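Inspection log for the structure reproduced underneath, given as structure tokens.
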There are 4 protein chains.
Amino acid sequence: MAARRKSNILDIVSINDGTPGATATQTVQPGRRGRPRSARVRAAVVRAAAQLTRSGGPTAATVDAIAKRAAVSRTTIYKWWPSSAAIVLEGLLDSVGDPINAPPGSSCKEALEHHLRALNAILTDTTTGPLLRDVVAAAAADPAMTRAVLDQWLHPRRAALAAIVRQAVAHGEIRDGTDVEVIVDALVSPPYYRLLFALSPLDDAALNDLLDTVWHGCRRSDALP
Amino acid sequence: MAARRKSNILDIVSINDGTPGATATQTVQPGRRGRPRSARVRAAVVRAAAQLTRSGGPTAATVDAIAKRAAVSRTTIYKWWPSSAAIVLEGLLDSVGDPINAPPGSSCKEALEHHLRALNAILTDTTTGPLLRDVVAAAAADPAMTRAVLDQWLHPRRAALAAIVRQAVAHGEIRDGTDVEVIVDALVSPPYYRLLFALSPLDDAALNDLLDTVWHGCRRSDALP
Amino acid sequence: MAARRKSNILDIVSINDGTPGATATQTVQPGRRGRPRSARVRAAVVRAAAQLTRSGGPTAATVDAIAKRAAVSRTTIYKWWPSSAAIVLEGLLDSVGDPINAPPGSSCKEALEHHLRALNAILTDTTTGPLLRDVVAAAAADPAMTRAVLDQWLHPRRAALAAIVRQAVAHGEIRDGTDVEVIVDALVSPPYYRLLFALSPLDDAALNDLLDTVWHGCRRSDALP
Amino acid sequence: MAARRKSNILDIVSINDGTPGATATQTVQPGRRGRPRSARVRAAVVRAAAQLTRSGGPTAATVDAIAKRAAVSRTTIYKWWPSSAAIVLEGLLDSVGDPINAPPGSSCKEALEHHLRALNAILTDTTTGPLLRDVVAAAAADPAMTRAVLDQWLHPRRAALAAIVRQAVAHGEIRDGTDVEVIVDALVSPPYYRLLFALSPLDDAALNDLLDTVWHGCRRSDALP
DNA sequence: TGTTAATCGAGACGGTACGTCATGTCTTCTA
DNA sequence: TAGAAGACATGACGTACCGTCTCGATTAACA
């Protein structure tokens with residue numbers, strides 16, 4: 001999180017997880033004085049939070065419950081994370097990985113399609129979907145979480161999609177003049193909306209319809225079908 | 001809420017609010033023995049919840065705080081509402097009124113446009129927007145709230161919009177085959193998405209772009225511009 | 001306690017302990033609005049605190065432990081007592097009862113002797129002694145407890161003894177001019193001192209010696225032996 | 001402390017405090033390998049503990065606070081002292097010095113008087129009094145501290161006084177038969193009692209009264225005034 | 001005109017989670 | 001070997017809010 005009060009675990013690189021080679025490539029201070037941070041703690045906490053959220057919803061993922069399930073001290077958790085929602089967000093980021101990028105050599109429409117399908121898969125997935133729903137709910141009550149969600153989740157993903165759209169505009173496949181952000185919204189918001197309101201998820205056919213509608217709707221009026 | 005444990009105030013009709021004529025048209029039980037329910041209480045509670053949510057976010061609208069601000073006993077609140085979020089939802093419904101219907105004699109596109117603008121106005125409004133955001137967040141943790149939001153907020157409004165879209169299909173203005181629900185999603189979800197993620201709201205131009213894109217995208221391919 | 005932040009349980013009179021007749025003689029407000037206070041709670045808490053202090057010392061009598069042993073909610077305890085030491089003090093006062101008064105018709109010296117023996121018995125007793133030691137220790141860290149100990153324990157007992165001494169002065173049994181408070185100190189402080197430093201308690205012979213020494217030391221110089 | 005788990009600093013003699021001559025007379029292990037213990041650390045820790053106790057009471061003198069104020073690592077403190085109270089006791093002993101001995105050539109009564117005045121001065125002093133009060137309070141919760149207080153504070157001082165009293169008995173100034181310990185108690189306990197209960201301290205006049213009373217009370221009955 | 005049945009208010013109580021503080025142990029690096 | 005730096009577990013703290021409960025006070029319709 002950007003607005004977090006404490007140094008975030010994500011910034012930590014020198015974790016003695018037995019694979020120092022991997023982390024050593026990053027900026028590891030060789031002369032770290034005190035006891036090194038335990039990798040077990042971070043992993044266990046994040047995993048516990050994810051499991052609790054999935055099984056019992058946001059209410060279940062309290063700091064207390066996470067601490068108990070992860071067999072980690074509550075104090076330690078409070079040292080590294082500002083709230084349980086921050087842990088859940090971290091677990092979400094962990095399990096999702098980097099923003100989607102389309103397979104090389106794909107057309108703009110194919111790239112859009114790939115992106116949208118991948119996003120829908122994440123939001124629909126029973127592993128990641130509930131985490132995101134919880135995180136967004138927590139953001140409603142906590143400005144720091146709002147910032148974190150935007151900075152670490154939403155904006156990077158929107159940016160990737162917006163780049164594709166802009167490319168399509170440059171290629172002349174989409175008529176200029178339409179607000180790129182609006183196109184991104186039209187494509188991206190339905191899956192979120194369905195998740196956050198607990199509506200039935202978009203299936204493949206619906207996704208196709210959505211893509212076709214938006215793509216067709218913003219093509220150059222003089223373009224051939 | 002469907003799954004609520006207690007009779008919901010929304011079901012109540014006989015409130016001695018001084019205007020018995022209006023409520024009397026509804027199904028008032030004539031032979032209610034004891035002391036009638038106070039309209040002052042309901043109004044004060046709902047108003048207090050809305051004010052607290054607006055000023056301090058969901059965290060501020062606790063039952064205790066609502067009781068204190070409304071000068072109503074906590075016991076009374078628990079008697080009529082299952083949770084503070086339920087109160088907020090009620091306040092939201094109060095301040096929004098009935099689902100939007102377009103001015104008579106308007107075309108399908110005009111009706112869609114009117115509906116979308118009205119919805120965006122509600123979600124953007126500083127009075128109602130925060131209430132909805134709070135309610136949706138609460139729904140993530142409470143299945144009863146999820147049901148309530150769907151039944152009392154989302155489905156009625158979707159239905160109104162879907163009816164217009166279906167009419168457009170019937171009129172041949174929109175090509176058949178496209179999933180009506182998808183079109184509704186494409187139109188409706190962006191404002192929600194922007195609200196729930198605390199993004200900047202859609203302005204008029206963006207709304208026009210959105211409408212144009214979707215309308216253009218789902219018109220019959222052979223239709224004239 | 002005088003400096004207590006909340007109304008003290010000792011002030012409460014209308015406790016529905018099943019014997020309303022007894023308490024009804026005191027100033028019971030008939031129209032107490034809310035749920036009446038449970039007598040079980042007070043008794044259980046005070047007893048638990050005393051037991052824990054006796055068996056495990058001051059460290060054992062935490063609010064948590066008291067709550068668990070008394071089967072009373074921590075919240076309820078915090079509502080009525082400012083600290084665990086305050087509970088222990090209350091238990092001490094309960095088990096000791098009112099300040100000592102000598103049997104009627106006794107001489108001044110007999111009254112002093114009676115008082116001192118009774119005090120030593122209390123401080124030596126395994127039931128009350130540890131409670132007092134704990135309370136005094138807590139007072140070292142908490143000004144409110146200091147005040148409470150003085151107001152509710154020490155001053156009343158000193159006053160009773162000082163009254164006897166002053167009477168002896170009036171009767172001419174003790175020479176005038178000596179500071180009454182000093183005589184009280186000389187008599188009273190040795191048992192306290194032995195308790196607080198965990199020295200072996202004063203036995204009967206030592207008590208006699210002490211009484212004789214002080215009595216003899218402050219008699220009128222011209223008095224006959 | 002006898003029952004302490006770690007070697008206590010009080011036992012330590014080889015501190016390189018720049019005055020090796022003084023400490024070298026004591027049992028210094030000559031062949032101590034590795035880095036010698038820092039005198040700066042001991043001094044800073046003890047001083048910090050004393051200052052914190054004086055300014056903020058026993059609550060303020062936590063190990064953490066001492067470490068921070070002394071600019072010494074917590075680990076180091078835990079290595080040498082079993083508890084913060086042990087540090088405070090050490091500071092008390094440091095600042096008080098050896099047990100009092102009367103000026104040479106003084107009579108028994110003068111020696112007693114000198115001793116009592118010196119004791120009262122220590123207990124009344126704002127530098128040492130709070131330390132002792134804190135230490136006694138800690139002893140109530142910690143048997144090791146109880147032992148330490150007795151062995152290092154109370155017993156040596158009582159012994160010195162008892163020796164004077166016994167001498168007075170031998171000189172025939174005090175009647176035989178009275179328990180020496182009781183006389184010591186009668187003299188010594190009032191100042192402690194006043195300190196531990198936070199009563200106003202004994203002034204010079206009160207001290208004179210006390211001395212006179214006890215001295216007069218335990219003189220031989222046939223002795224001349 | 002009571003009687004009856006409900007609402008409403010006041011407050012006690014049990015319970016859960018919070019976020020913090022202090023303790024004491026352990027691990028690593030540096031002097 | 002001493003000391004510094006820091007991670008970690010443990011346990012108690014005092015608070016906030018929740019939801020339930022037990023009363024008394026109030027208010028209407030009904031008998």
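In what follows, chains carry the letters A, B, and so on, assigned in the order in which the sequence lines appear, proteins first and then strands, with residues in each chain numbered from 1. Source: prediction; values computed, not measured.
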Practice problem: Between Gly34(B) and Arg74(C), name the one whose nearest nucleotide on DNA chain E is closer to the 5' end. | Solution: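 Looking at DNA chain E, the more 5' nearest nucleotide goes with Gly34(B).
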
Self-check item: Closest-nucleotide ordering on DNA chain E, the 5'-leading residue of Val72(B) and Thr75(A)
Solution: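 Here Val72(B) is the residue nearer the 5' end.
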
Looking at [X], does any N or O in its side chain come under 4.0 Å of the phosphate oxygens OP1/OP2 on [N]?
X        : N       : value
Lys79(D) : dG3(F)  : no
Thr76(A) : dA9(F)  : yes
Arg40(B) : dG9(E)  : yes
Trp80(C) : dC13(E) : yes

Drop me the distance from [X]'s [atom1] to [Y]'s [atom2], to the nearest 0.5 angstrom.
X        : Y        : atom1 : atom2 : result
Tyr78(A) : Ser83(A) : OH    : OG    : 9.5 Å
Ile77(C) : Arg42(C) : CD1   : CZ    : 13.0 Å
Arg69(B) : Arg47(B) : CZ    : CZ    : 9.5 Å

Length of the line joining [X]:[atom1] and [N]:[atom2], which is rounded to integer Å:
X        : N       : atom1 : atom2 : result
Lys68(B) : dA16(F) : NZ    : C1'   : 12 Å
Ile87(B) : dC17(F) : CD1   : P     : 14 Å
Tyr78(B) : dC17(F) : OH    : P     : 11 Å
Arg69(A) : dA17(E) : CZ    : P     : 14 Å
Ile77(C) : dA12(F) : CD1   : P     : 13 Å
Trp81(D) : dA2(F)  : CH2   : C1'   : 13 Å
Arg33(B) : dA31(F) : CZ    : C1'   : 8 Å

Kindly list each side-chain donor-acceptor pair under 3.5 angstrom involving residues 57-67 of chain B, sequence neighbours excluded, with atom names and distances?
residue: Thr62(B); atom: OG1; partner: Ala65(B); partner atom: N; Å: 3.0
residue: Asp64(B); atom: OD1; partner: Arg74(B); partner atom: NH1; Å: 3.0

Quiz item: Minimum heavy-atom separation for Thr146(D) to Ala139(D), with atom names?
Solution: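 Minimum heavy-atom contact is OG1-O, 2.7 Å.
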
Exercise. Take Val46(D) and Trp81(D) through the side chain to side chain contact (heavy atoms under 4.5 Å, CB included) test and state the conclusion after the steps.
Key: CA-CA 10 Å; Val46(D) 169; Trp81(D) 290 275; 4.2 Å; yes

Quiz item: Hey, does the side-chain of Ser73(C) have a donor or acceptor N/O within less than 3.5 Å of a partner on the base of dG15(E)?
Solution: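 Such a pair is found, so the answer is yes.
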
Quiz item: Quick one: does Arg35(B) reach the base of dT7(E) with a side-chain donor-acceptor pair under 3.5 Å?
Solution: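 Side chain to base: pair found, below 3.5 Å.
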
Quiz item: Among all residues two or more places apart in sequence or in another chain, which pass the side-chain contact (heavy atoms from CB on, under 4.5 Å) test with Ala70(B)?
Solution: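 Ala70(B) satisfies side-chain contact (heavy atoms from CB on, under 4.5 Å) with Ala44(B), Val45(B), Ala48(B), Val72(B) once adjacent residues are dropped.
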
Quiz prompt | Nucleic acid contacts - residues 51-67 of chain D versus DNA chain E, non-hydrogen atoms under 4.0 Å | solution =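 Close to the strand are Thr62(D), Val63(D), Asp64(D).
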
Quiz item: Looking at dC8(F), dT22(F), dT27(E), which one has an atom nearest to any side-chain atom of Pro36(C)?
Solution: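 Nearest nucleotide to the side chain: dT22(F).
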
